[in-house]
Amino acid sequence: MRVSKEWLETFISVDADTETLAETITRGGIEVDDIIDYTKDIKNLVIGYVAHVKQHPEANKLKLCQVNTGDETVQIVCGAPNVKADSYVIVSKVGGRLPGGIKIKKAKLRGEESYGMICSLEEIGISEDFIPEEFKDGIFIFNEEQTPGTNALEALYLDDQVLEFDLTPNRKDALSMIGTAYEVRALFGGEVIEPKRDMTETDDISGISVKNEDSEAVPFYALRKVNNVKIMPSPVWMQHRLLKAGIRPINNVVDISNYVLLEFGQPLHIFDYDNLGSKEIVTRRAKKDEKMTTLDGKERTLLESDIVITNGKEPVALAGVMGGDFSEVTDNTTNVVIESALFEPVSIRKTSGRLNLRSEASSRFEKGVSHEFVLKALDRTAYLLETLAGGTVEKGIVSDGALDLTPTEIDTSVSFINNRLGLDLNADEITETLDKLGIDVKLDGDNIHAIIPSRRDDLKIPEDITEEVARIYGYDNLPSTLPVYSEITPGRLTDNQVKTRVIKKQLSSLGLSGAINYALTEESRVKEFTNASEGLKLKMPMSEIHSTLRTSLIPHLVDNVTYNMNRQRKSVSLYEMGKVFETHGQDKLPTEITKLAAVISGPQYHVEWLGASLSPDFYTLKGILESVFTRLSLKPHVTYERTTEYAELHPGRTAHVLLKGKVIGLIGELHPKYAKDHDLNQTTVFEVNLDEMYKETEGTIRYEQLPKYPQITRDIALEVNSEVTVQDIIDLIYKQNVKHLINVEPFDVYEGEHIEAGKKSVALHLTYLNKEETLTDEIVETLHAPIVDALLAEGFKIRA
Amino acid sequence: MVNFEEIKQSFLSALDAATDMKQLQDVRVKFLGKKGHVSTLMQHMREIPNEEKKAYGQKVNALRTEVTEQLETAIKELEERLLQEKLEKETLDVSLPGRMFTQGGLHPIDRIITDIEDFFLGLGYEVREGYEVETDYFNFEALNLPKTHPARDMQDSFYISDETLLRTHTSPVQARVLNQADGKGPIKIICPGKVYRRDSDDATHSHQFTQIEGLVVDKNIHLSDLKGTLELLAKALFGDEREIRLRPSYFPFTEPSVEVDVSCFKCGGAGCNVCKQSGWIEILGAGMVHPNVLEMAGFDSKEYSGFAFGLGPDRIAMLTYGIEDIRHLYTNDLRFLEQFKYSEDRGVVHESL
């Protein structure tokens with residue numbers, strides 16, 4: 001909504017400059033987004049009277065005009081095709097200024113002197129979109145007599161500033177000049193003057209009838225008939241108030257309906273009576289697949305949820321959205337019917353949304369119009385057609401349905417309002433505040449009975465009254481307090497939230513930066529790094545690359561690596577914590593799983609001058625992952641099993657991560673082909689399920705007294721088949737349930753020329769400790785022997 | 001007759017001639033070894049007349065002591081010198097970089113969320129999380145946004161089916177927590193998380209961003225409590241000198257609703273490019289929980305009241321650090337992320353902003 005200050009002042013006198021007005025309105029709850037100042041950058045703009053026009057002797061397209069600018073008559077060279085003698089025009093005098101930093105100087109054009117410039121509306125800063133057709137390609141010409149030399153901006157109703165409102169959906173009351181005036185009254189005081197609507201009714205009656213077939217769709221529908229209108233341009237004040245509001249003037253009849261819409265917030269429609277096709281107006285829901293052509297010439301196929309105005313036979317308008325083609329007002333129209341009605345808001349919203357026909361009218365109907373102004377707007381339109389289009393108004397209003405004008409009543413109390421706000425206002429202060437808003441108050445002790453005018457039908461419950469009191473009383477006057485709770489409860493993170501922080505710290509300390517990627521991805525990527533065959537898809541994605549919810553964090557992390565490598569990074573290490581989504585069908589909620597993923601690529605912990613670094617291989621990232629498990633005291637429960645399930649991963653260098661035997665994730669090097677497709681060299685990734693990890697609770701740290709006795713280590717070197725894993729050997733050793741064995745650690749693994757093909761050598765430290773007494777070599781020997789036996793029994797060869 | 005002086009002189013010249021440890025050891029053997037010049041002196045004892053034996057013995061001992069001491073001193077000195085030489089050789093260029101223990105960046109959004117969580121934990125709040133794919137009911141209807149509500153236009157959403165969508169705000173967590181509370185307070189929570197809206201990504205819009213919802217419900221919670229709480233938050237985030245102002249606004253799930261501005265932390269309110277000359281920066285939306293929201297979740301809205309607020313860590317990060325493009329937050333460019341690995345001092349505004 002754009003509110004002209006000059007126009008507003010015809011409704012209520014405003015004793016404040018534009019800045020103050022805007023600031024006060026903003027602080028009152030209607031945000032003034034912008035102030036459009038039509039006087040900005042304009043100087044010395046006056047009305048000129050063009051006395052004579054003659055052809056420029058040297059230039060076809062230029063004319064020499066003798067222009068009276070008040071105190072003198074000067075020659076101005078003008079190139080506009082529509083310049084004519086005996087007309088009043090806008091003149092920027094020598095020394096004047098125009099928007100865009102233009103300075104007007106005395107000039108010589110093809111040898112002829114020019115003392116100023118005759119202006120078009122565009123040249124004084126009006127957007128081309130709002131300029132009436134007749135002035136589009138030329139200068140502006142007043143259609144009424146003016147006084148030369150007087151301020152042109154004033155005569156053009158452009159000595160003005162316009163406030164642009166950014167309205168919240170609840171403040172539809174401010175979608176009109178009168179509503180804005182009431183808001184100004186609440187903030188500044190004063191009285192609101194309603195526009196004149198005292199037309200003279202003739203005795204003519206055409207006998208039009210109105211019938212609403214569906215009173216839910218159209219609760220109330222009213223008409224007036226006006227005869228003998230003459231279509232012509234509307235006066236400057238109306239044209240320019242419309243263009244300041246962002247509506248292009250068309251002709252007097254169309255302009256009047258738009259003008260009244262802006263005055264009262266009540267959309268009107270004007271039909272050409274002679275082309276209506278009947279005297280019966282019937283409103284109803286459209287029939288399924290019913291067709292009509294709207295006034296933009298497009299044929300529309302309707303749904304049963306649409307509301308139509310018909311002539312009893314066929315639709316003449318799509319209610320609240322757009323008129324029909326044959327009943328439209330044209331230059332030949334003489335008799336008109338004005339519609340002012342209530343339509344069911346949701347239907348209007350659906351229809352206008354579906355057909356992409358949002359307009360000033362539909363946007364008001366879909367929010368619900370104020371009952372108070374339906375008939376006032378109808379009368380005002382008739383009055384303006386009488387005064388500005390020479391029309392004669394037929395007697396009476398024809399209507400069907402009920403216009404419920406009973407005001408809303410809200411019961412609340414002084415104590416309730418104070419409690420919700422944290423204030424200590426007395427009954428008088430509250431009454432006074434509400435009175436400013438035009439809300440009548442009946443007081444009964446603490447109880448407040450508030451009577452709400454229909455233009456504020458957004459106020460429905462006691463809390464709404466609380467808000468009105470707060471915003472008019474002023475939020476700056478509210479004290480600052482902290483809640484006093486009915487019960488004291490501590491604020492603390494849950495164990496899982498603490499663990500999340502621990503993991504992030506751990507990974508960042510190991511050099512990985514925290515990434516956040518989009519959860520939406522390309523459909524083709526949901527199969528990458530997972531067993532998922534499908535992802536959850538958006539109904540209407542904005543683009544293919546953001547069409548489906550991710551099933552793994554890894555694909556985007558890999559993209560991040562490529563992105564960084566393409567920007568001269570030598571190494572990348574990133575982690576991300578976030579949700580992946582496991583679909584159970586498009587219409588069901590997915591399972592949301594919080595995962596942790598990481599990627600490393602390029603030399604890690606690289607010190608160039610030392611030539612030292614860790615390669616971004618399986619073991620480097622596994623070490624990083626194990627550090628996380630260590631922090632969460634999960635490491636003893638985690639095992640790794642090689643897998644070849646994932647096409648994106650190196651078949652020999654990929655493992656499932658198992659927690660207490662259950663797969664909770666994967667770790668592996670990118671398959672060389674996948675890496676190449678992403679312009680990467682050796683790159684390793686992992687992804688683990690945090691929800692599963694958090695399920696394992698270890699409680700507090702179990703402290704153990706420091707051992708008093710030394711530990712003893714025995715080494716074993718084995719020759720085993722290549723496919724035997726170190727884990728297999730360790731598991732076998734532990735399976736012997738040997739007392740005092742506290743650790744088994746591999747210290748050498750060898751495969752190569754000094755050993756038979758298909759075999760490898762594995763050397764292990766076994767550590768024994770008795771916490772009760774010193775272990776002797778003899779005792780260790782008795783503990784160790786069964787282990788050796790078991791290894792031999794497995795077919796492993798003990799190496800010397 | 002044994003010439004003690006000769007032995008001593010011979011020792012001294014041998015000692016003097018010795019330049020390394022080997023030679024010193026040879027000197028030791030030559031004089032103090034079993035067959036050494038000093039050791040063998042005692043063998044002469046037999047030849048010494050009895051009355052002189054004692055004096056002779058003393059002389060030999062004195063010589064041994066002196067030789068031993070001098071030898072030890074020489075060894076020590078040599079060792080000292082060798083160590084000195086070794087240390088000199090080991091001298092490093094201390095200006096060369098150390099072995100790299102790379103430190104990763106903490107994502108600026110994570111930093112802001114952690115700061116805000118810690119602030120509210122200090123005020124006794126809990127941190128709650130919810131679903132990113134929500135039902136229409138919890139995302140809209142339970143928040144007083146029935147299907148026909150015009151305010152649904154305000155948030156164009158990513159629907160998955162007619163009844164499920166990517167949450168457009170973190171408010172559904174509020175609705176779910178209220179529903180689980182069995183109509184009893186106090187509730188004091190903040191809910192950080194990702195949210196999604198149908199926006200084309202550009203410098204100031206992102207189809208995915210983060211939000212932190214806050215909710216307090218108890219008996220006798222006032223709008224002034226919201227103001228006091230947010231005032232403390234603004235000071236914690238932007239510095240002690242900051243003030244806030246509330247402007248009336250509209251959200252379907254709160255009544256009254258307010259938008260909250262903080263006085264500009266760059267110019268202090270005088271007007272600058274950060275606050276677009278207004279002196280104020282909008283940081284969040286808030287209000288008193290709408291009675292319909294309370295009632296739908298089983299609370300008696302006469303007895304209980306509450307406040308809720310929602311703020312955007314993305315926006316706060318952008319304001320705090322002067323980040324010019326929201327897309328940087330989701331590109332994961334290490335040149336960006338690695339700028340956020342350092343610890344910070346609160347409330348100090350950089351000149352660069």
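Proteins come first, then strands; the chains are lettered A, B, ... in the order of their sequence lines, and each starts at number 1. In what follows, every heavy atom counts, from backbone to side chain, and hydrogens, waters and symmetry copies are set aside.
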(request) Determine, stepwise, if the pair A/Q497 / B/E129 fulfils side chain to side chain contact (heavy atoms under 4.5 Å, CB included). (result) CA-CA 10 Å; A/Q497 288 162 350; B/E129 286 140 87; 3.1 Å; yes

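- Heavy-atom pairs under 4.5 Å with chain A peak, among B/R335, B/E134, B/M288, at B/R335.
- The candidate from A/N560, A/V607, A/L478 with the greatest count of non-hydrogen atom pairs under 4.5 Å with chain B is A/L478.
- Ranked by non-hydrogen atom pairs under 4.5 Å with chain A, the options B/H207, B/E231, B/E338 are led by B/H207.
- Scanning both residues, A/L493 and B/E117, for their nearest heavy atoms gives CD2-OE1, 4.4 Å.
- Scanning for salt bridge (Lys or Arg N to Asp or Glu O under 4.0 Å) contacts around B/E295 gives an empty result, with sequence neighbours left out.
- Between chain A and the residues B/I244, B/L123, B/V127, the largest count of heavy-atom pairs under 4.5 Å involves B/V127.
- Between chain B and the residues A/L538, A/V346, A/D587, the largest count of heavy-atom pairs under 4.5 Å involves A/L538.
- Proximity to chain A (any heavy atom under 4.5 Å) is restricted, for B/T164, to the side chain, taken from C-beta onward.
- With hydrogens and angles disregarded, a donor-acceptor distance shorter than 3.5 Å links the side chain of B/Q103 to the backbone of A/S509.
- Proximity to chain B (any heavy atom under 4.5 Å) is restricted, for A/I461, to the side chain, taken from C-beta onward.
- For B/T114, the parts lying near chain A are the backbone and the side chain together; criterion is any non-hydrogen pair under 4.5 Å.
- Of the two parts of B/D201, only the side chain, counted from C-beta on, holds a non-hydrogen atom closer than 4.5 Å to a non-hydrogen atom of chain A.
- Of all the heavy atoms in B/N332 and A/N564, the pair that sits closest is O-ND2, 2.9 Å.
- Pairing each heavy atom of B/L246 with each of A/R27, the nearest pair is O-NH2, 3.7 Å.
- A/Y605 touches chain B through backbone and side chain together, each having a heavy atom under 4.5 Å away.
- For B/R99 against A/A612, the heavy-atom pair with the smallest separation is NH1-CB, 4.2 Å.
- Interface residue A/L549: only side-chain heavy atoms are found under 4.5 Å from chain B.
- Highest contact tally toward chain B, considering only A/K537, A/M540, A/R471, A/R171, is held by A/M540 [criterion: heavy-atom pairs under 4.5 Å].
- Contact count versus chain A (heavy atoms, under 4.5 Å) is highest, among B/L329, B/L166, B/T135, B/I109, for B/L166.
- No part of B/L165 comes within reach of chain A, as not one of its non-hydrogen atoms sits under 4.5 angstrom from that chain.
- Nearest heavy-atom pair across B/L106 and A/S508 is CD2-OG, 3.9 Å.
- Below 30°, between 30° and 60°, or above 60°: for A/Y518 and B/Y330 the angle between ring planes is below 30°, a parallel geometry.
- For A/Y475 against B/P256, the heavy-atom pair with the smallest separation is OH-CB, 3.6 Å.
- When the candidates A/E487, A/K350, A/K539 are compared by the number of heavy-atom contacts under 4.5 Å with chain B, A/K539 comes out ahead.
- The parts of B/Y159 that come within reach of chain A are both its backbone and its side chain, each placing non-hydrogen atoms under 4.5 angstrom from that chain.
- Note that CD1 of B/I160 is 7.0 Å distant from CD of A/Q586, once rounded to the nearest 0.5 Å.
- Using a 4.5 Å cut-off between heavy atoms, B/F120 does not touch chain A at all.
- B/S224 places no side-chain N or O within 3.5 Å of a backbone atom of A/T481 that could act as its donor or acceptor partner.
- Between B/R198 and A/M542 there is a side-chain heavy-atom pair separated by less than 4.5 Å.
- With chain B as partner, the option from A/L423, A/L520, A/I488, A/D476 having the largest number of non-hydrogen pairs under 4.5 angstrom is A/L520.
- Contacts between B/F209 and chain A at a heavy-atom distance below 4.5 Å are absent for every atom of the residue.
- Applying the side-chain hydrogen bond (donor to acceptor under 3.5 Å, both in side chains) test to residues at least two apart or on different chains, the pairs with a partner in residues 183-195 of chain B are A/T489-B/K188.
- Contact annotation for B/D218: only side-chain heavy atoms (C-beta onward) come within less than 4.5 Å of a heavy atom of chain A.
- For the set B/D118, B/L230, B/V216, the count of heavy-atom pairs under 4.5 angstrom toward chain A peaks at B/D118.
- Counting heavy-atom neighbours within 6.0 Å of A/R492 CZ, excluding the residue itself, gives a total of 12 or less.
- Contact count against chain A (heavy-atom pairs under 4.5 Å) is highest for B/V133 among B/V133, B/L232, B/L337.
- To the nearest 0.5 Å, atom CG of residue A/L167 and atom OH of residue B/Y250 are 13.0 Å apart.
- No part of B/F340 comes within reach of chain A, as not one of its non-hydrogen atoms sits under 4.5 angstrom from that chain.
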(message) If you apply the rule salt bridge (charged side-chain N to carboxylate O under 4.0 Å, His left out), what do you find for A/E23 with B/R245, and how did you get there?
(response) CA-CA 13 Å; A/E23 175 66 12; B/R245 72 172 189 188; 3.6 Å; yes

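- Most heavy-atom pairs under 4.5 Å with chain B, from the set A/S571, A/S613, A/A519: that is A/A519.
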